[in-house]
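Worksheet: the structure to be examined is printed underneath.
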Amino acid sequence: MTIPKKYKAGEIETRWQDHWSERGVYDWKPDVPRENTFTVDTPPPTVSGSLHVGHVFSYTQTDLIVRYQRMQGKNIFYPMGWDDNGLPTERRVQNVYGISCNPRLPYEKDWKPEPQSGKKSKKSDAVEVSRKNFIEACEILTGDDEKAFEALWRRLGLSVDWSLQYATIDDHCRKLSQYSFLDLVEKGFAYSHEAPTMWDIDFRTAVAQAELEDREMPGAYHDIKFAVEGGGDFTISTTRPELLAACIAVVAHPDDKRFKDLFGKHAITPLFHAKVPILPAEHADPEKGTGILMVCTFGDVMDVEWWKSSKLPAKQIIGRDGRLIELDYGTAPFTSENPELANSNYGELSGLTIKQAQKKIVELLAADGSAVDGNGTALLGEPKQIMHPVKFFEKGDRPVEFLTTRQWFVKVCDYKEELLAQGRKISWHPEYMRARYEHWVEGLNTDWCISRQRFFGVSFPVWYPLGENGEPNYDSPIYAKAESLPVDPMSDVPEGYTEDQRGQAGGFIGDPDVMDTWATSALTPQIASGWYTNSERHAGLYPMDLRPQAHDIIRTWAFVTILKSWMHEGTIPWSHIALSGWILDPDRKKMSKSKGNVVTPDHLLTEYSSDGVRYWAARARLGTDTAFDDKVFKIGQKLVLKIFNMGKFVVSLLSQLEGEPVSKADISEPLDLAQIEELRATIAKATKSFEAFDYATALQAAEDSFWKTCDFYLELVKTRAYKGEDLAARRSALATLKESLLVYLRLFAPALPFITEEVWSWHPHSTCESIHHAPWPKLEELQIVATPEQDNILLAASEVLSEVRKQKSVAQTSLTTEVTQLKVKGVSSKLSALKSALSDLIHAGHITESGMEFEEDGDLQESDPCEVQVTLAESSS
RNA sequence: GGGCGCUUAGCUCAGUUGGUAGAGCGCUACCCUUACAAGGUAGAUGUCGCAAGUUCGACCCUUGCAGCGCCCACCA
């Protein structure tokens, strides 16, 4: 093996990447027993657009842990999935191909998607295709992205087994996702019912609690006067005046003296003259607004909660498109004391968007005094502008509304205790992240809504029989047989029916909805292991060892995975969960595509090399957010270069030795024993850290020790190793250098797989072809080497050498300048330590042997550095 | 309003069970020295967020406060 003169990272990294792939270095071996296998539930990245440095950061961290486990002799199951299911892909496929999905259309076998050239196609121009065709288009589009992602991951050196790939929209995932649904139904965990549900009016779909986020939005309190039946009035304050027509009651706190006399009476709403009860309710806050408020169906979660217990009929006025629906006063539940006026007023609002309706109703209220006996108008004063948090679907543009619709749910509220118990069986890294999971579980207040009124995704394997009048019977759904999965109920036919009965009275209809993407993502361990489809393999891989993921999706991904694992098999999905931090931009804002502050990784890999970029990721601790800082890449590059040079030096020294190759048995000199002791300490620390998934501390330990070794031990021993006349002493130095190199290379291998593999390959005595299958350094391998009699030899020699260098630096002279006299004053133990390495010290410091003087100083402490007096030869220049 | 985390050198961050504050970057000076000039050697820099308490002794433990970040709840 020839050693290159300069380290060209790009060339060498490409070479090793290809080599590993050709040799199958990272392949999983199915026949190795479970206890010798380490399994990873890799997060499938969303395949829409490109990866950014945040991905590189967290995936590298997982790779570090995996590589350590591999070197511990574990068979590694490290798959890669692609999340190409869900809204981001749906949007993207629509834009790229100018198509949209209509599940009611039949599948067209010969249809192929064509990318739209030029300008973005308008929504209205989109060609409608069947769900199956849409999925095919998705697979074509995401296939290209997946190749690009894979190439990046390979370049980064992720030690994934690339034969273990899955995509969340592929047949296997849809099959398992549908099977999971059927299993949940069978076990009584999943149910469908019609109820108010959070709804996004733009996507026109139900959304789940976990997909919500708060946004600060401008709003306004509107003070509206209500009449009391039998005389009198009161004023409520609301930010949603447009929901006045949906008012079903007025409530105040039971102890609120101001309104006590009103309880039991009825209020008459302005404009619509609806008679609504005035009732006490605990959730009314006397301090807030006017202390008395209207309950509408539905303005917010409290309205829904209160309505459920009230037994009052709901008045739904917001349609699925976010516009006020048409309705007729006089028809229950829209009763009115004055239906004609109510209809006339509502007619002004009907068909308007929520925003438009709000503006309109303010005008109407300002002009209306009919309900309050000519005592002014219903609207009091000007609306008071405020900023307040409003709930949004995280991908949505307008606030969520509560709409009564039929949806599928998974019971979660009933099982909080069990889910908390499952969470406690898992090791969280860092430990405090468990609290986030527990808070989320404790705070759950709605069952998990898993149906979405979208087209693209995993469909429910369900049909509904149609009655004699063509009415669907939702209470006796027809479930697909497990063997037939995956099915698309919009094109497949349930057993016992024929296609021509679709939509016909006495026939059936398919469930048009698709599942929440988390319902599929919740199964990533089972998808990778082959649950249901390959029970033997599943049993050999599951539960898994490690789930790496980001901390912001504990409430979604971690939660649903734990949930489904418990519901399906009564177990935890993995024994460890490692939470990575975020990458922050230099202004300490989270780097994310939607913020437009992302840094893409390709140019970084080119500029700083894969090892350099990996080094940056390896320095950040789990759970800790890290500011993007290109200085750290440079430190990594510097370390790589140092490893290259140190390796080159040691390997060339070894090759210059004639005769028997050196071995550990040759290590005998006190200074060398001290260096081996240093290695032992470093191995112990790095191993302990890695066992706790703390790769960053492990790297730090290796790095600190490595630089120290290069700066001091290597300099001290250089002359002896190079041309030592005492052959035994020289062999001792060479053997120590060799062991040091082999230990450091392996300690660095998880973080810096390329440079370590390169240097490892130069070494003629390497027993393992790839360093990545070499055994992780163990204390036992150095057992044969004696412990030094004194533990401060390296320290004392380094102190003196450092002082000599300092004096030369102060004198602004070269480090090769001869020291004619060196007086060392120190405690006796240090002096004797120095004497045991005297010859090395003399050579490294360019000290004249006859000029050495030692003096014992009883006043000094053991921990004090020696006092050193240096006399330099006259500079010749 | 509740919870979690953070606050240490100009910057990015370490600091193991309480015992005299650390690294790298940056900055300054010097050095071609036979592994390394894509380098090396050395130097300067801190009221450890604030306040009280426990202790012989506190960056570390306790309490309170402040600031930052995140999560959750509230949303009339």
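Proteins get letters first, then strands, A, B, ... in listed order; numbering begins at 1 in each. Because the structure is predicted, anything quoted here is derived from the model rather than measured.
The side chain of A:Lys6 sits closest to B:A37 out of B:C13, B:A37, B:C4. The listed nucleotides are B:A38, B:C11, B:A29; the one nearest the side chain of A:Lys631 is B:C11.
Note that the CG atom of A:Leu380 and the OG1 atom of A:Thr235 stand 4.5 Å from one another [nearest 0.5 Å]. If you take CD1 on A:Ile3 and OG on A:Ser655, they are separated by 7.0 Å, rounding to the nearest 0.5 Å.
Across B:U55 and B:C61, the matching C1' atoms stand 10 Å from one another, rounded to whole Å.
With a 3.5 Å ceiling on both atom-pair distances, B:U20 lacks any Watson-Crick or G-U wobble partner. Applying the Watson-Crick and G-U wobble criteria (two distances, each under 3.5 Å), B:G10 pairs with B:C25. The base-pairing partner of B:U45, taking Watson-Crick or G-U wobble contacts with both distances under 3.5 Å, does not exist among the strands shown. Within the shown strands, nothing qualifies as a pairing partner of B:C59 under the Watson-Crick or G-U definition with both distances less than 3.5 Å. In a base pair of the Watson-Crick type (N1 to N3 plus N6-O4 or O6-N4) or a G-U wobble (N1-O2 and O6-N3), with each distance short of 3.5 Å, B:G1 is matched with B:C72.
As rounded to whole Å, 20 Å separates atom P of B:C11 from atom CZ of A:Phe633. Atom CD in A:Glu703 sits about 19 Å away from atom P in B:U12, given to the nearest Å. The CD1 atom of A:Ile635 sits 6 Å away from the P atom of B:C25 (whole-angstrom rounding). A:Glu442 has its CD atom 12 Å from the P atom of B:C4, to the nearest Å. Between the CG atom of A:Asp704 and the C1' atom of B:C13 there is a distance of 13 Å, given to the nearest Å. Remark: C1' of B:A38 and CD of A:Gln637 are 8 Å apart, rounded to the nearest angstrom. The interatomic distance linking A:Leu579 (CG) with B:G5 (C1') rounds to 13 Å, in whole Å. The CD1 atom of A:Ile554 sits 11 Å away from the C1' atom of B:C70 (whole-angstrom rounding).
A centroid separation of less than 6.0 Å is found between the aromatic rings of A:Trp616 and A:Phe57. Close placement of the A:Trp762 and A:Phe644 rings is indicated, their centers lying within 6.0 Å of each other.
Taking all atoms of both residues into account, the shortest heavy-atom contact from A:Leu312 to A:Trp307 is O-NE1, 2.9 Å.
Side-chain N/O atoms of A:Gln675 and A:Thr736 include no donor and acceptor closer than 3.5 Å. Checked by atom type, the side-chain pair A:Glu678/A:Thr709 shows no donor-acceptor distance below 3.5 Å. For A:Thr682 and A:Ser705, the side-chain atoms include at least one donor-acceptor pair closer than 3.5 Å. In this structure, a donor-acceptor pair under 3.5 Å is present between the side chains of A:Glu818 and A:Thr848.
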Every protein N/O within reach of nucleotides 71-73 of chain B N/O, cut-off under 3.5 Å:
residue: B:C72; atom: OP1; partner: A:Arg555; partner atom: NE; Å: 3.2
residue: B:C72; atom: OP1; partner: A:Arg555; partner atom: NH1; Å: 2.3
residue: B:A73; atom: OP1; partner: A:Gln209; partner atom: NE2; Å: 3.3

Filtered N/O pairs between nucleotides 32-35 of chain B and protein, under 3.5 Å:
residue: B:A35; atom: OP1; partner: A:Lys718; partner atom: NZ; Å: 3.1
residue: B:A35; atom: N6; partner: A:Cys710; partner atom: O; Å: 3.4
residue: B:A35; atom: N6; partner: A:Glu715; partner atom: OE2; Å: 3.4
residue: B:A35; atom: N3; partner: A:Asn645; partner atom: O; Å: 3.4
residue: B:A35; atom: N3; partner: A:Met646; partner atom: N; Å: 3.4

Any protein N or O atoms within reach of nucleotides 14-20 of chain B? Criterion: under 3.5 Å, listing atom names and distances.
none

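For the pair A:Lys8 and A:Phe712, both in contact range of RNA chain B, the more 5′-proximal nearest nucleotide belongs to A:Lys8. Sequence order on RNA chain B of the closest nucleotides to A:Arg805 and A:Asp629 puts A:Asp629 first from the 5' end.
Residue A:Lys634 places no side-chain N or O under 4.0 Å from the OP1 or OP2 atom of B:C25.
Residue A:Met302 is classed as a sugar-phosphate contact, given heavy-atom separations below 4.0 Å to backbone atoms only. The residue A:Trp707 sits close only to the backbone: its heavy atoms come under 4.0 Å of sugar-phosphate atoms, none of a base. No contact: A:Thr290 has no heavy atom under 4.0 Å from any strand.
A distance-only check finds no donor-acceptor pair linking the side chain of A:Arg621 to the backbone of A:Pro430 [under 3.5 Å].
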Walk me through it: do A:Phe633 and A:Phe628 pass the test ring pair (Phe, Tyr, Trp, His ring centres under 6.0 Å)? CA-CA 10 Å; A:Phe633 298 112; A:Phe628 180 81; 5.7 Å; yes
Determine whether A:Ile577 and A:Tyr437 satisfy the following criterion, side-chain contact (heavy atoms from CB on, under 4.5 Å), listing intermediate values before the conclusion. CA-CA 11 Å; A:Ile577 178 167; A:Tyr437 170 78; over 6 Å; no
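Between A:Leu279 and A:Trp306 the shortest side-chain heavy-atom distance falls below 4.5 Å.
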